[in-house]
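Here the structure comes first, spelled out in structure tokens, and everything after it is commentary.
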Amino acid sequence: MTELQGALVVLRPTTTEDVPALAAIRGTPEVRARWRGGEDLAAEIAADLQDPDSHAFTVRHGQRIVGMIQWYAEEDPEYRHAGIDVFLDPAVHGGGLGTDAVRTLARHLVDDHGHHRLVIDPAADNAAAIRCYEKVGFRPVGVMRRYELGPDGTWHDGLLMDLLAEELIR
């Protein structure tokens with residue numbers, strides 16, 4: 001994988017050297033509430049990096065690691081598409097870095113991997129994430145009821161969003 005240059009961020013393949021910084025970000029209350037995890041977030045992230053079906057990029061702003069974005073692909077030719085997941089340090093929320101990271105990866109998936117459709121699935125109550133994804137061109141498809149088990153032990157709704165290649169806001 002190569003480094004991807006956005007307008008504000010650089011996405012580079014995640015390495016084991018990135019794990020401590022990413023675990024610290026995942027451990028912030030705001031991120032942990034959405035991404036959850038066990039007692040050893042560093043071990044979980046390191047294990048995720050071994051998953052051959054997921055492709056992780058560390059999000060950098062200047063010289064600082066500010067998050068991670070990853071993608072996976074459904075390769076069945078009749079259903080081929082790619083999906084994206086992202087988390088950023090709450091200290092940089094609201095500065096356009098998330099939008100730039102998602103846009104940069106979406107451009108890569110469309111232009112370099114030939115995907116005609118991308119999906120993302122934020123929590124239905126995550127208004128900031130939904131606005132971020134809409135700025136890239138993602139559109140709501142529908143609410144997935146009781147989609148995800150929350151840290152409070154109850155089921156929470158998710159929002160399925162998708163983007164067709166021609167809808168990507170470059």
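Because the structure is predicted, anything quoted here is derived from the model rather than measured. Note that these values count all heavy atoms, side chains included, but never hydrogens, waters or copies made by symmetry.
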(request) Test salt bridge (Lys or Arg N to Asp or Glu O under 4.0 Å) on Glu148 and Arg36 and set out the steps. (result) CA-CA 11 Å; Glu148 181 174 56; Arg36 294 180 308 284; 3.5 Å; yes
(request) Using a 4.5 Å cut-off on heavy atoms from C-beta on, say whether the side chain of Thr58 contacts that of Pro13. (result) no
(request) Compute the ring centroids of His116 and His81, then answer whether they are less than 6.0 Å apart. (result) no
(request) State yes or no: do Val102 and Leu118 share one hydrophobic cluster built from I, L, V, M, F, W and Y residues joined by side-chain heavy-atom distances below 4.5 Å, directly or via other members? (result) yes
(request) State the CG-CZ distance between Asp162 and Phe138, to the nearest 0.5 angstrom. (result) 8.0 Å
(message) Distance check, rounded to the nearest 0.5 Å: Arg12 atom CZ versus Asp18 atom CG?
(response) 4.0 Å
(message) Which residue in the set Ile65, Asp48, Val66 passes side chain to side chain contact (heavy atoms under 4.5 Å, CB included) when paired with Leu22?
(response) Ile65
(request) Assess whether side chain to side chain contact (heavy atoms under 4.5 Å, CB included) is satisfied between Leu168 and Arg107, documenting all intermediate values. (result) CA-CA 8 Å; Leu168 175 60; Arg107 209 173 41 235; 4.2 Å; yes
(message) Between Val31 and Phe87, is there a side-chain heavy-atom distance shorter than 4.5 Å?
(response) yes
(message) Quiz question: by atom type and distance under 3.5 Å, do the side chains of Asp89 and His93 form a donor-acceptor pair?
(response) no
(request) Can you measure from CG (Asn126) to CZ (Arg34) and round to the nearest 0.5 angstrom? (result) 4.0 Å
(message) Counting C-beta onward and ignoring hydrogens, is there a side-chain heavy-atom pair between Thr104 and Gln5 closer than 4.5 Å?
(response) no
(request) Tell me whether Leu8 is reachable from Tyr133 by hopping between hydrophobic residues (I, L, V, M, F, W, Y) whose side-chain heavy atoms are closer than 4.5 Å. (result) yes
(request) Look only at the side chain of Asp121 and the backbone of Leu160, and say whether a donor-acceptor pair between them is shorter than 3.5 Å. (result) no
(message) So Leu159 and Ile130, do their side chains get closer than 4.5 Å, heavy atoms only?
(response) yes
(request) Could you walk me through whether Ile169 and Glu167 pass side chain to side chain contact (heavy atoms under 4.5 Å, CB included), step by step? (result) CA-CA 6 Å; Ile169 299 170; Glu167 297 167 344; over 6 Å; no
(request) Could you grab the distance from atom OG1 of Thr14 to atom CD of Gln70, nearest 0.5 Å is fine? (result) 8.5 Å
(request) Evaluate the side-chain proximity of Ile25 to Leu88: yes if any heavy-atom separation is below 4.5 Å, no if none is. (result) no
(message) So, taking the atom named CZ in Arg145 and the one named CH2 in Trp155, what distance separates them when rounded to the nearest 0.5 Å?
(response) 14.0 Å
(message) Using modelled atom types and a 3.5 Å cut-off, is there a donor and acceptor pairing between side-chain atoms of Asp100 and backbone atoms of Val9?
(response) yes
(message) Rounded at 0.5 Å granularity, tell me how far CE in Met68 sits from CZ in Arg26.
(response) 7.0 Å
(message) If we ignore hydrogens and angles and just use 3.5 Å, is the side chain of Ser54 paired with the main-chain N or O of Tyr72 as donor and acceptor?
(response) no
(message) With a 4.5 Å cut-off on side-chain heavy atoms, are Arg117 and Arg80 touching?
(response) no
(message) Quick check on the hydrophobic clustering: are Trp35 and Ile120 connected, directly or via other members, by side-chain heavy-atom contacts under 4.5 Å?
(response) no
(message) Strictly distance-based, threshold 3.5 Å: is any side-chain N or O of Gln50 a donor or acceptor partner for the main-chain N or O of Ala47?
(response) no
(message) Let me check something: do Val59 and Leu105 share a hydrophobic cluster, defined by ILVMFWY side-chain heavy atoms less than 4.5 Å apart, either directly or through other members?
(response) yes
(request) Using modelled atom types only, decide if a donor and an acceptor are shared between the side chain of Arg32 and the backbone of Gly37 within a distance under 3.5 Å. (result) yes
(message) Do Ile84 and Leu109 make a side-chain contact, defined as non-hydrogen atoms from C-beta onward lying under 4.5 Å apart?
(response) yes
(message) Show, in sequence, the C-alpha distance, side-chain angles and deciding distance for Glu134 and Arg139, and conclude whether the salt bridge (Lys or Arg N to Asp or Glu O under 4.0 Å) test is met.
(response) CA-CA 6 Å; Glu134 287 175 336; Arg139 297 180 184 182; over 6 Å; no
